[in-house]
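Below, each value reflects all heavy atoms present in this structure, side chains not excepted, and no hydrogens, waters or symmetry copies. On a predicted model such as this, the values are computed, not experimentally measured, just so you know.
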Amino acid sequence: MASLVVATTADPASINPAKALLAMPGWEQGPTLEGGIRSFRNSRGSLRLLEHDKSIIVEDNLDSRWEAATGETVAEMIFLSKHVAASTRPALTIHPIGVPHLKDGDVLPQGGKPGWAGPPCPRMGPWLILLQKIAESHNLVPEFEITLEATHHGPITTTPTMFIEIGSTQDYWGREDAARVVALLVWEGLGFGESPAVGVWSSSTERKKVLLGLGGGHYVPRHMDVIKKDGTWVGHLLSGYSLPMEEPKDPKAKVTPEDIGGTWKQAIKVAFDATQVAFPGGDIIAHLDHKSFKGWQKNAITDFLGKQNIKIGKPADFA
């Protein structure tokens, strides 16, 4: 079961952490995939790295392509990338991928396919805590914000996946110290350092609660409060823009989920199903950013979750 790291030479925030990772011991050249995608194997374990020259979001199905070329099953995918933000604040971010709110015919601004979400990598929550620790030890905090992002963009995968990104402008994408921290996160998080691997999901784990975040902004602060405090397992995180809801004619009147148009129901169901795939045997619980919803929105979402038999939890329920 291989852990597949993906980087591109087209992005300094991607290739620099990859180079730092390849400077660790045990690497050797691996096979070249169709399209000229280069690979490296680590002889110390099941860590593999793919390197291509295109945008990080356009090479779809790299998990199945690797399996077809090598016969190795891919357990998880870790993409290294830059992060762009209007705030320009330096940041190290982690997030799941998908565009579950889009429908056929919609423009795909950053890859993927309409109505799709990749299974979220179970390591995301534990690795956020580890990233904070490593960044602090390398004096990147408080200059860099350490945060999760909401689910967004491609490429298409069917394997548990996460992005690790360096942001937020060209001044920071090439920072060698940030690249080193990302490389150490991968190396230590996968258990290649002195400590055991971090964030290994098992259906027999005592802590089975998995947070499915609904609502809020792109950096999901309300969900982050729960995750950072309790070390909660993290599934998909759907911000408000991924829950398009058409306002009813009379928002004060009693309405049902069926009365409210938009792809919000599709997005929730797709994200829930993908999270279930990533956490077999897990207890998937929706956590709502209540302050981000209007009353009619919250009522409709709560009603829909109940009809789908999806539990709703308060922060204390994840402890």
Side-chain angles (χ1 to χ4, degrees), residues 1-7 13-14 17-18 20-21 24 42 45-49 56 74-83 90-98 118-138 140-141 144-152 157 159-167 177-202 205 207-213 219-221 223-237 274-275 278-279 282 318:
M1 298 286 283
S3 297
L4 199 58
V5 177
V6 182
S14 179
L21 186 60
M24 308 290 193
N42 195 286
S46 57
L47 176 57
R48 311 288 184 252
L49 189 145
I56 197 71
V74 178
E76 59 197 341
M77 298 193 71
I78 302 162
F79 287 81
L80 309 178
S81 178
K82 67 184 178 185
H83 171 65
L92 300 175
T93 77
I94 296 174
H95 71 82
I97 63 171
C121 182
R123 297 188 193 272
M124 289 191 304
W127 277 28
L128 178 72
I129 308 301
L130 179 60
L131 177 57
Q132 180 80 33
K133 179 181 176 181
I134 296 173
E136 287 175 353
S137 71
H138 284 72
L140 287 189
V141 176
F144 280 74
E145 180 181 13
I146 311 302
T147 185
L148 291 170
E149 294 181 75
T151 299
H152 65 302
T157 70
T159 301
T161 297
M162 66 172 157
F163 264 63
I164 305 173
E165 301 184 349
I166 300 174
D177 51 355
R180 174 70 175 169
V181 164
V182 171
L184 284 172
L185 173 64
V186 175
W187 188 257
E188 295 183 12
L190 292 176
F192 284 77
E194 297 180 357
S195 300
V198 175
V200 179
W201 170 261
S202 170
T205 183
R207 291 182 63 122
K208 294 193 176 205
K209 296 178 180 177
V210 181
L211 183 147
L212 173 68
Y219 299 99
V220 296
H223 309 314
M224 281 274 292
D225 288 344
V226 177
I227 294 159
K228 293 188 77 171
K229 181 179 179 181
D230 298 314
T232 299
W233 298 103
V234 181
H236 273 293
L237 302 165
T275 300
F279 294 90
F318 294 92

Return each pair, listed once, that meets side-chain hydrogen bond (donor to acceptor under 3.5 Å, both in side chains) where at least one residue sits in residues 74-83; pairs must be two or more places apart or across chains.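 Listed by first then second residue: Ser3-Glu76, Glu76-Arg123, His83-Glu149, His83-Glu165, His83-Tyr219.
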(message) I'd like to know whether Leu128 forms a side chain to side chain contact (heavy atoms under 4.5 Å, CB included) with Met224, so could you lay out the CA-CA distance, the side-chain angles of the two residues, the decisive distance to 0.1 Å, and finally the verdict.
(response) CA-CA 10 Å; Leu128 178 72; Met224 281 274 292; 3.7 Å; yes
Could you grab the distance from atom [atom1] of [X] to atom [atom2] of [Y], nearest 0.5 Å is fine?
| X | Y | atom1 | atom2 | result |
| --- | --- | --- | --- | --- |
| Ser202 | Phe279 | OG | CZ | 12.0 Å |
| His138 | Lys133 | NE2 | NZ | 12.0 Å |
| Ile78 | Ile164 | CD1 | CD1 | 5.5 Å |
| Leu185 | Leu130 | CG | CG | 5.5 Å |
| Trp187 | Arg180 | CH2 | CZ | 10.0 Å |
| Lys228 | Ile129 | NZ | CD1 | 6.5 Å |

* **From CA spacing to verdict: side chain to side chain contact (heavy atoms under 4.5 Å, CB included), Leu80, Val6** => CA-CA 6 Å; Leu80 309 178; Val6 182; over 6 Å; no
*asked:* Treating Thr159 as the side-chain partner and Ala75 as the backbone partner, does any N or O pair qualify as donor plus acceptor under 3.5 Å?
replied: no
Give a yes or no on whether the backbone of Pro122 and the side-chain of Trp233 come within a donor-acceptor separation of less than 3.5 Å.
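Looks like no, no N/O pair under 3.5 Å.
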Over all atoms of both residues, closest heavy-atom pair of [X] and [Y]:
| X | Y | result |
| --- | --- | --- |
| Trp201 | Ala278 | CD1-O, 4.2 Å |
| Leu49 | Ala18 | CD1-CB, 4.0 Å |
| Pro17 | Val182 | CB-CG1, 3.8 Å |
| Ile94 | Met124 | CG2-CG, 3.8 Å |
| Gly235 | Pro96 | O-CG, 4.1 Å |
| Ala178 | Leu92 | CB-CD2, 4.3 Å |

Please tell me if the side chains of [X] and [Y] come closer than 4.5 Å, counting only heavy atoms from C-beta onward.
| X | Y | answer |
| --- | --- | --- |
| Pro120 | His236 | yes |
| Ile134 | Glu188 | yes |
| Phe79 | Thr157 | yes |
| Phe192 | Leu21 | no |

Walk me through whether Leu211 and Leu237 qualify under side chain to side chain contact (heavy atoms under 4.5 Å, CB included). CA-CA 8 Å; Leu211 183 147; Leu237 302 165; 3.8 Å; yes
Which of Leu148, Val234, Val198 passes side-chain contact (heavy atoms from CB on, under 4.5 Å) with Trp127? Answer is Val198
Full working for side chain to side chain contact (heavy atoms under 4.5 Å, CB included) between Leu184 and Met24: CA-CA 9 Å; Leu184 284 172; Met24 308 290 193; 3.7 Å; yes
Hits for salt bridge (charged side-chain N to carboxylate O under 4.0 Å, His left out) against Arg48, two or more places apart or cross-chain, chain-then-number order -> Glu72
Across all chains, not counting sequence neighbours, the ring pair (Phe, Tyr, Trp, His ring centres under 6.0 Å) partners of His95 are His152, His153, Phe163
